[in-house]
Enquirer: 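Input: one structure, supplied below.
None of these values were measured; they are calculated from a predicted model.
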Amino acid sequence: MTVKISVLKERDEGGERRVALIPQVAEKLAPLGITFAMETGAGVASSYPDSTYKNVTFSPDRNALAADADIVLAVQPPTLETVKAMKPGAILIAFIYGRNNPDLVKALRDGKITCFAMELAPRISRAQAMDALSSQATLAGYYAVLMGAVHMPKILPMMTTAVGSLRAAQVLVMGLGVAGLQSLATAKRLGAITEGYDVRPETKEEAQSLGAKFVDTGVDATGQGGYARELTDDEKQKVRKALSDHIARSDLIVTTAAVPGKRAPRLIDAEQIKAMKPGAVIIDLGAEGGGNCEGTQAGQTVQVGPTTIVGPVNVPSMLAEQASELYSKNIMHLLQQIITKDKGLAPDFTDEVISGTALTHDGTITNDGIRKAVDPNSPAPPAPATAPAATPAANDAGKETAK
């Protein structure tokens, strides 16, 4: 049973260079009965020219590809025009960030498109191979330290010369999720003296395992889903007092605190920045969400007092080749859950991984939090009592691919 998958070329807005499918993954998925069509040049910006894909057809007509597909793959949220071109029952797999794109979510619902939003993949062990947020954050954390190194007026490691020794740089990483831990590891490998901070005390052992000192503020703000909860005003003051000295003596700070779909928490204020060393650098990975630092400007490098603040956006796209590789493999593991060679498309919405990743299905917004944010009056979807029967892939407009 053949399943048609179309892969979109990312638009230039925001400098997106990644692609949702790389040649090696296309070859691995072919035995499932999948045929691939791609928008011409979709992989060029990530070093995957059309000629590297085998048994894949190419077309410059984006909307025609979307209209013919059982499944559409993308990195960033597609346009409303593209979504409206898709047939009812088709599947979209991409980053969506529904709270930031309410009109797109409504279009997916109204068009009866089943959407698997990659940022919604549950953070449980069984879904690790699908966790695109983590795979992309790993690269962002690595690259953040390199960006910091090229903006600093000094080197990271200790170095002995004929006229004396140069001291190693002090690096502080704030926010010890996937990106933060990778930043710590990278800074340590490059010879820096490293410190890590997070409001979740359980990250202490992870930081220490990477050779870093953990900055303990005495505040526990462990939240749900692997993220930290918001601090109270009293907790913010306690944390600020404990961190100010560490911030002031750092040569490089990497901030990584971000919650998908919400404003980035403020970690460093103007007074703390003013007290930093001349030549100090902050790499604010929360820039796209409003910034972890007062004075951060998304997509720009600014001088605030003695400190250079870099606010990079879409950092994974700066490493487009391997970011695409990881993202494509995340999608591959999802596709292997919803497609079988014998049954074709057969997503099991009783599976917590499938239901947790789903944003819309069969005319409803299935993610409760996003449904309430986007359209509180929209009815909640009924919970399936048993696994649904497999449904053939849609080959004609109006036929649904998944129930």
Enquirer: I'd like to know whether NZ of K204 has more than 12 heavy-atom contacts from other residues, nucleotides or ligands below 6.0 angstrom.
Expert: no
Enquirer: Taking R99 for the side chain and Y97 for the main chain, is one N or O donor matched with an acceptor at less than 3.5 Å?
Expert: no
Enquirer: L29 vs F36, test: side-chain contact (heavy atoms from CB on, under 4.5 Å). Steps then yes/no.
Expert: CA-CA 10 Å; L29 288 172; F36 291 101; 3.9 Å; yes
Enquirer: Within a strict 4.5 Å, meaning less than it, do heavy atoms of the L92 and M86 side chains meet?
Expert: yes
Enquirer: Rounded to the nearest 0.5 Å, what separates atom OG in S183 from atom CG in L252?
Expert: 8.5 Å
Enquirer: Are side-chain heavy atoms of K9 and T40 found at a separation under 4.5 Å?
Expert: no
Enquirer: Can you name the closest pair of heavy atoms from Y48 and S324 and give their distance?
Expert: CE1-CB, 4.1 Å
Enquirer: Check R109 against S378 and note the closest heavy-atom contact, atom names and distance.
Expert: NH1-OG, 3.6 Å
Enquirer: Restricting to non-hydrogen atoms, name the atom on L285 and the atom on P312 that form the minimum distance, rounded to 0.1 Å.
Expert: CD2-CG, 4.1 Å
Enquirer: Taking NZ in K154 as the centre, count heavy atoms belonging to other residues, nucleotides or ligands within less than 6.0 Å. Is the count above 12?
Expert: yes
Enquirer: Is a salt bridge present between R126 and D351, judged by a nitrogen-to-oxygen distance below 4.0 Å?
Expert: yes
Enquirer: Strictly by salt bridge (Lys or Arg N to Asp or Glu O under 4.0 Å), give each pair with a member in residues 168-188 just once, sequence neighbours left out.
Expert: none
Enquirer: Around atom CD of E202, are there more than 12 heavy atoms of other residues, nucleotides or ligands at under 6.0 Å?
Expert: yes
Enquirer: Establish, from distance only, whether the side-chain atoms of E10 and Q76 form a donor-acceptor pair under 3.5 Å.
Expert: no
Enquirer: Using a strict threshold of under 4.0 Å (side-chain N to carboxylate O), is an ion pair present between D375 and R371?
Expert: no
Enquirer: Taking all heavy atoms of F214 and all of A207, pick out the closest pair and write down the distance.
Expert: CD1-CB, 4.2 Å
Enquirer: Could you tell me whether the side chain of V19 reaches within less than 4.5 Å of the side chain of V75, counting heavy atoms only?
Expert: no
Enquirer: D50: what forms a side-chain hydrogen bond (donor to acceptor under 3.5 Å, both in side chains) with it, not counting sequence neighbours?
Expert: none
Enquirer: Please verify the inter-ring angle class for F95 with Y327; under 30° counts as parallel, over 60° as perpendicular, anything in between as tilted.
Expert: parallel
Enquirer: Could you give me the CA-CA distance, side-chain angles and deciding distance for T255 and I283, then say whether side-chain contact (heavy atoms from CB on, under 4.5 Å) is met?
Expert: CA-CA 6 Å; T255 64; I283 305 297; over 6 Å; no
Enquirer: Taking atom CD1 of I91 and atom OG1 of T360, what is their separation to the nearest 0.5 Å?
Expert: 10.0 Å
Enquirer: For the pair K236 and D269, evaluate salt bridge (Lys or Arg N to Asp or Glu O under 4.0 Å) and give the outcome as yes or no after the intermediate values.
Expert: CA-CA 11 Å; K236 289 177 182 177; D269 60 35; over 6 Å; no
Enquirer: Find out whether M158 and R167 are in side-chain contact, i.e. whether some heavy atom of one side chain is under 4.5 Å from a heavy atom of the other.
Expert: no
Enquirer: Do the charged groups of R249 and E195 touch, with an N to O distance under 4.0 Å?
Expert: yes
Enquirer: Can you check whether L335 reaches M332 side chain to side chain, under 4.5 Å on heavy atoms?
Expert: no
Enquirer: Could you state the interatomic distance from SG (C115) to CG (L104), rounded to the nearest 0.5 Å?
Expert: 7.5 Å
Enquirer: State, to 0.1 Å, how close M174 and I268 come at their nearest heavy-atom pair, and which atoms those are.
Expert: SD-CD1, 3.7 Å
Enquirer: For the OH atom on Y142, are there more than 12 heavy atoms of other groups (residues, nucleotides or ligands in this structure) within a distance under 6.0 Å?
Expert: no
Enquirer: To the closest 0.5 Å, what do you measure between CD1 (I247) and NZ (K277)?
Expert: 13.5 Å
Enquirer: Once rounded to the nearest 0.5 Å, what's the spacing between atom CD of Q322 and atom OG of S47?
Expert: 10.0 Å
Enquirer: Just by modelled atom types, is the V310 backbone N or O under 3.5 Å from a matching donor or acceptor in the T301 side chain?
Expert: no
Enquirer: Any donor and acceptor pair, going by atom type alone, linking the side chain of E119 with main-chain N or O of I96 inside 3.5 Å?
Expert: yes
Enquirer: I'd like to know if R240 and E271 make a salt bridge, using a cut-off of under 4.0 Å between side-chain N and carboxylate O.
Expert: yes
Enquirer: Using only atom types and a distance under 3.5 Å, with no angle test, would you say the side chain of S250 pairs donor to acceptor with the backbone of I253?
Expert: no
Enquirer: Using a 4.5 Å cut-off on heavy atoms from C-beta on, say whether the side chain of V3 contacts that of L32.
Expert: no
Enquirer: Can you confirm whether more than 12 heavy atoms, excluding those of N55, are under 6.0 Å from its CG atom?
Expert: no
Enquirer: More than 12 foreign heavy atoms under 6.0 Å from CD of E81: is that the case here?
Expert: no
Enquirer: Which atom names give the shortest non-hydrogen contact between A169 and I155, and what distance separates them?
Expert: CB-O, 3.6 Å
Enquirer: Please evaluate residues R18 and E16 with respect to the criterion salt bridge (Lys or Arg N to Asp or Glu O under 4.0 Å), reporting the C-alpha separation (whole Å), side-chain torsions for both, the decisive distance (0.1 Å), and the verdict.
Expert: CA-CA 6 Å; R18 290 171 290 179; E16 183 56 70; 2.8 Å; yes
Enquirer: With a 4.5 Å cut-off on side-chain heavy atoms, are V145 and V171 touching?
Expert: no
Enquirer: Are the side chain of S244 and the backbone N or O of K241 linked by a donor-acceptor pair below 3.5 Å?
Expert: no
Enquirer: Side chains of Q337 and M130: does their closest heavy-atom pair fall under 4.5 Å?
Expert: yes
Enquirer: Kindly say whether G141 contributes a backbone atom to a donor-acceptor pair with the side chain of Q182 at under 3.5 angstrom?
Expert: no
Enquirer: Main chain of L8, side chain of E39: is a donor-acceptor contact present, judged purely on distance under 3.5 Å?
Expert: no
Enquirer: Sub-3.5 Å donor-acceptor pair from the side chain of Q336 to the main-chain atoms of I338, do we have one?
Expert: no
Enquirer: Who are the side chain to side chain contact (heavy atoms under 4.5 Å, CB included) partners of S6, not counting sequence neighbours?
Expert: A37, L65, A69
Enquirer: Please check this pair: side chain of N292 against backbone of P265, looking for a donor-acceptor N/O pair closer than 3.5 Å.
Expert: yes
Enquirer: Hey, are Q303 and T308 close enough side-chain-wise for a donor-acceptor pair under 3.5 Å?
Expert: yes
Enquirer: Checking T79 against T82: is there a side-chain donor and acceptor pair closer than 3.5 Å?
Expert: yes
Enquirer: Any luck finding a side-chain donor-acceptor pair between R123 and Q128 under 3.5 Å?
Expert: no
Enquirer: Going by distance alone, is a donor N or O of one side chain under 3.5 Å from an acceptor N or O of the other, for E321 and S46?
Expert: no
Enquirer: Would you kindly say whether T114 and H361 are connected by a side-chain donor-acceptor distance under 3.5 Å?
Expert: yes
Enquirer: About how many Å separate CE of M147 and CG of D284, when rounded to the nearest 0.5 Å?
Expert: 10.5 Å
Enquirer: If we ignore angles and hydrogens, is there a donor and acceptor under 3.5 Å between the side chains of D348 and T350?
Expert: yes
Enquirer: Show your reasoning for whether ring-ring contact (aromatic ring centres under 6.0 Å, His included) applies to Y197 and H246.
Expert: CA-CA 10 Å; Y197 158 73; H246 295 271; 9.2 Å; no
Enquirer: Within the side chain of T203, is there an N or O that forms a donor-acceptor pair under 3.5 Å with the backbone of E206?
Expert: no
Enquirer: Testing I5, D70, I71 for side chain to side chain contact (heavy atoms under 4.5 Å, CB included) with I34, which one passes?
Expert: I5
Enquirer: Hydrogens and angles aside, do R17 and N314 bring a side-chain donor and acceptor to less than 3.5 Å of each other?
Expert: no
